[in-house]
Amino acid sequence: MDYNFREIEKKWQQQWVAGKTYEVKEDPSKPKFYVLNMFPYPSGAGLHVGHPLGYIASDIYARYKRQKGFNVLNPMGYDAYGLPAEQYAIQTGQHPEITTFENISRYREQLDKIGFSFDWSREVRTCSPDYYHWTQWAFQLMFDSYYDTIKQQAQPISLLIDHLKASGTDGLNAWGSEELSFTAAEWNAMDVKQQSDKLMNWRIAFLSDMMVNWCLELGTVLANDEVVEGVSVRGGYPVVQKRMRQWCLRVSAYSQRLLDGLDTIDWTDSLKETQRNWIGRSEGAEVVFKVADSDKEFTIFTTRADTMFGVTFMVLAPESELVGELTTDVRKAEVDAYLEQVKKRTERERMIDKKVTGVFTGSYAINPFTGEKNPIWVSDYVLAGYGTGAIMAVPAHDSRDYTFARHFGLPIIPLVEGADISEESYDAKEGIVMNSPRPGVTPYIDFSLNGLSVKEAIAATKNYVESHGIGRVKVNYRLRDAIFSRQRYWGEPFPVYYKHGIPTMIPSDCLPLELPEVDKFLPTATGEPPLGNATAWAWDEVNRRVVDNTLIDDKTVFPIELNTMPGFAGSSAYYLRYMDPHNDKALVSKEADNYWRNVDLYVGGTEHATGHLIYSRFWNKFLFDYGYSVSEEPFQKLVNQGMIQGRSNFVYRDNEASKTAGHPVFVSFGLRKNYKDVTPIHVDVNIVKNDELDLEAFTAWRPEYADAEFVLENGKYICGWAIEKMSKSMFNVVNPDMIVERFGADTLRMYEMFLGPVEQSKPWDTNGIDGCHRFLRKLWVFIFDKEGNIRLTDDEPSKEELKSLHKLIKKVSGDIETFSYNTSISAFMICLNELSQLKSGNKQVMEAFVTLLAPFCPHICEELWHAFGHTTTVVDAPWPEWNEDYLKEDSVSLTVSFNGKARFQMEFPADADNTTIEKAVLENPQSAKYMDGKQHIKTIVVPKKIVNIVLKG
RNA sequence: GGCCUGAUGGUGGAAUUGGUAGACACGAGGGACUUAAAAUCCCUUGGCCAUAACGGCUGUGCGGGUUCGAGUCCCGCUCGGGCUACCA
């Protein structure tokens, strides 16, 4: 009886569904373990062989944990909102929901064939109203919250309102967009609209006019992580800065907690480092500069407070409001022209040609340390969004200031002894400070930094600034608030309507607010987002429901928000929803949340480092502040699976010969150097085996190759190859369905893991898969004879068998914990070989073997497990423990050294003590060669196979 | 420019964390079985030299160093991959 994987896999997949094998419930009698994969966006292309890599790795871990006695939650779902479906809808008029659902069923079909232990009863889809109900709910909660900077947590906005009523902004501890100052009386005198506008300064979900990344081609704004190098991540279209009124989330308020939390979680250092850089904490000082001949003043932020004496000019960001205030009438025309010019340049253009530009405002700022008047310039190298949008320029010690100063001929004052600034600035925070103040200059203030180290000078200056009321110590974060509006159709609608221009929340008991139908998915003629095309998109306050737009009367019926939420909205709390996916009263019940707590193992790509993985942590911390999530960090351990690259094959067309012959002529890889005009052409990897081209399949592949001619080497056409991204255009896409069909899911699972470490990127090469498939066939014939009877004995296992088995248990148990699945699989192969050498198959040993293999190859193991007479599923077979007694080595190998030089090796029984070893070494004939009678032996026993014996004179 | 990674046979990758480098698998070559193919099994397989036979030299991107001993640790480079970028 052969190993019929098709039949076996189909049978058990059906049985697992019928027996609800993978459905889990909260069970307080068992420890929980929550395994999660980053849920996929179901794209139209379906899965290629690289996609399931992470799912297989986590599935193995989930199954292993289950066999170890844990109650394992291993859910799967879909991140269903996204641009491709919408773009497709724009082109074809096909509703994105239809495309999305089609893609989902295709994904599901492909996933099902691989034999995952997902609990599909918990599936979530971000585009389903039952699901986005809770996305909208969280948004409303954020709208009704502010961040208390003393308590370091979110609080109900009502507390803040009470404070404003009683004492205005005095003593207010709230993280705001800007520092506002008004009295209780002023607050109480404001009308509802004014109060609403003011509150936006503190709400965690807030409306703000801000500079946003606007992408014209996509017709929407984008978050910072969706823009790389000035172009959109999706599509690569140019992005420009534009001021727009947008919903935002006050992620910045959580900067410090997001930073601190990294120390409590088990992620790779590189990923933590990426997040730390993204959050970008920098400690510095804010210093107030007075404007000369004016009562105006402004604040700058610097991390180099020690360089106060080297300031020679000031620079404002073009977008800064200060520009208007500080520009003198004489300079106005020139400044305006400059601002106009800056506006025209896209972010991308600014990056490509880094030409130095700027303009003088006509005003001067008084340096509070030197009393000198420094000209105030405007330049686009200063960013409006960071710090205060204004800087003090110290050209000697900042490379950007240096370039600017050189370009405009501004003075440069060196402040560090021995620093050479003739060619470039000296940016290092090292050295001894000088010129602070400069010798011979009448002191403006009684303060000197000369002779201090730069680090001491920074501290001393901060101290001075704070104690003299010139400024204050300040921590700045690079992390910015997330722009939460998208001018798209296919996303969660905001549960907000506008009552006389005041954003008002739709009552929470009326949620979810469902996405309306539209006849066109493009922006409206007036440039409104696609939801502007909806005919029924107004809120009736009295009847508490969505009604037709024509009924808008601004008395009881009002327009609803036209933007939708971005992709990260739905993916930010989905791990909580999996805990209790069908709950229509809450995002997650207290019971479920308390049991499952957070994700123990999260598997996904590093590309989400500064997007999803920041937003989720923020979202979870926010919910944690209200007790809706019981863990401050959502993902305890994170494993980043590497990409699977494609291995492309090439044929080489001899252009000259092709021209002469009138049909294509291809030369084999090894001969291509002999021809001068040869073009490599991608060829479908599925018609190439071990780099040898299947000529028949090739001529049938493309009509233009039907009459192709080949120049062969050794009777074969050999293809060249290269490692590239797996993509259709390179003809190197390998479909998992095809692999499952030819080799079975167990072989696919095994081979994907055998390719190399999970975290590492590696190329896919279908040719190597035979080794894994052979292993499973060998296992099969080791257990069954030709008639299909088990040919194992029931005897007590031999010492050798036990040693082999326990070596395997130890190796696999350790490897799974560290995700070293590739070496585990080698260990299985070695063990099976050893057992085959021993001839007699032993049932007891093979049962344990199958138990260990089950997480990797569940189908064949389930079949074997039942063949051994078990009636329960192998999924619950207890994980075996190893016994060190079986593993003891008989002998140890020692390297013997005389006078510090290694001389020879000796074998000893494993339990030999030092005395025995010394004696044996002395008596060894080889030792005599190195001894002159005066020397003695010192033994150093190390807990290794190899022991040093050093002989000293 | 900054941060993070990595570099080991023809290929994917091992190496108990300082202890016999190249496990395991693919590919390749040779052989057995077979009418033939497939499948299966056996041998060889880093390089160079040697061979009837034992064996020898060399070798983990490059150059130094520490050590009885370095793929592994330290210093200095070269090249590749990823992320990020006027963040004051």
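Just so we're on the same page: letters track the sequence lines, and every chain starts at 1. Everything quoted here is computed from the prediction, not taken from an experiment.
Contact annotation: A:Arg777 reaches the phosphate of B:U40 (side-chain N/O to OP1 or OP2, under 4.0 Å). For the OP1/OP2 pair of B:C26 and a distance below 4.0 Å, the side-chain nitrogens and oxygens of A:Arg774 include at least one atom meeting the criterion. A sub-4.0 Å separation between OP1 or OP2 of B:A88 and a side-chain N or O of A:Asn476 is absent. The phosphate of B:A25 has neither OP1 nor OP2 within less than 4.0 Å of any side-chain N or O from A:Tyr751. Side-chain N/O atoms of A:Arg478 include none lying less than 4.0 angstrom from OP1 or OP2 on B:A88. At the phosphate of B:G13, OP1 or OP2 sits under 4.0 Å from a side-chain N or O atom of A:Gln760.
Residue A:Thr823 places its side chain closer to B:A15 than to any other of B:A88, B:G13, B:A15. Here the side chain of A:Glu273 is nearest to one of B:C4, B:C87, B:U84, namely B:C4. Considering only the side chain of A:Asn277, B:C3 comes nearest among B:C3, B:C4, B:C24. Proximity note for A:Tyr386 (side chain, C-beta onward) versus B:U11, B:C87, B:A14: the nearest is B:C87. Closest contact between the side chain of A:Trp278 and the listed nucleotides B:G12, B:C86, B:U84 involves B:U84. For A:Asn822, counting side-chain heavy atoms from C-beta on, the closest listed nucleotide (B:A88, B:U84, B:G13) is B:G13. Of the listed nucleotides (B:G12, B:C41, B:A88), B:A88 has the atom at the smallest distance from the side chain of A:Thr303. Counting only heavy atoms from C-beta on, A:Asp770 has its side chain closest to B:G27 among B:G13, B:A23, B:G27. Out of B:U84, B:G12, B:A25, the shortest distance to the side chain of A:Met829 is found at B:A25.
Across all strands shown, B:G71 forms no Watson-Crick or G-U wobble pair with both distances under 3.5 Å. Base pairing analysis places B:G59 opposite nothing; no Watson-Crick or G-U wobble pair with both distances below 3.5 Å involves it. Figure legend. B:A36 is base-paired to no nucleotide; pairs are counted as Watson-Crick or G-U wobble with both atom distances under 3.5 Å.
Nucleotide B:U17 is shown with a syn base, its glycosidic torsion being within 90° of 0. B:G76: glycosidic angle beyond 90° from 0, hence anti.
For the pair A:Glu752 CD and B:G13 P, the computed distance is 14 Å after rounding to whole Å. Summarising the geometry, the separation between CZ on A:Arg647 and C1' on B:U11 is reported as 7 Å, rounded to the nearest angstrom. The nearest whole Å value for the distance from the CH2 atom in A:Trp764 to the P atom in B:G13 is 13 Å. As rounded to whole Å, 14 Å separates atom P of B:U40 from atom CG of A:Asn833. The distance from atom CD1 of A:Ile769 to atom C1' of B:A25 is 12 Å, rounded to the nearest whole Å. Taking atom CG of residue A:Leu776 and atom P of nucleotide B:A39, one finds them 17 Å apart after rounding to whole Å.
Between the A:His397 side chain and the A:Tyr426 main chain, a donor and an acceptor come within less than 3.5 Å of each other.
Counting heavy atoms from C-beta outward, A:Asp398 and A:Ser425 have side chains that stay 4.5 Å or more apart.
The aromatic rings of A:Phe408 and A:Phe404 lie tilted to each other, with the angle between the two planes from 30° to 60°.
Using modelled atom types, one finds no donor on one side chain facing an acceptor on the other under 3.5 Å when comparing A:Thr606 with A:Asn640.
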Could you go step by step and tell me if A:Asp481 and A:Ser252 meet the side-chain hydrogen bond (donor to acceptor under 3.5 Å, both in side chains) rule? CA-CA 5 Å; A:Asp481 293 332; A:Ser252 61; 2.6 Å; yes

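At least one test fails for A:Arg617 against the ring of A:Trp278: distance under 6.0 Å to the centre or angle within 45° of the axis.
The residue among A:Thr388 and A:Asn690 whose nearest nucleotide of RNA chain B is located toward the 5' end is A:Asn690. Nearer to the 5' terminus of RNA chain B, by closest-nucleotide assignment, is the contact made by A:Asp269 (compared with the other of A:Asp269 and A:Thr302).
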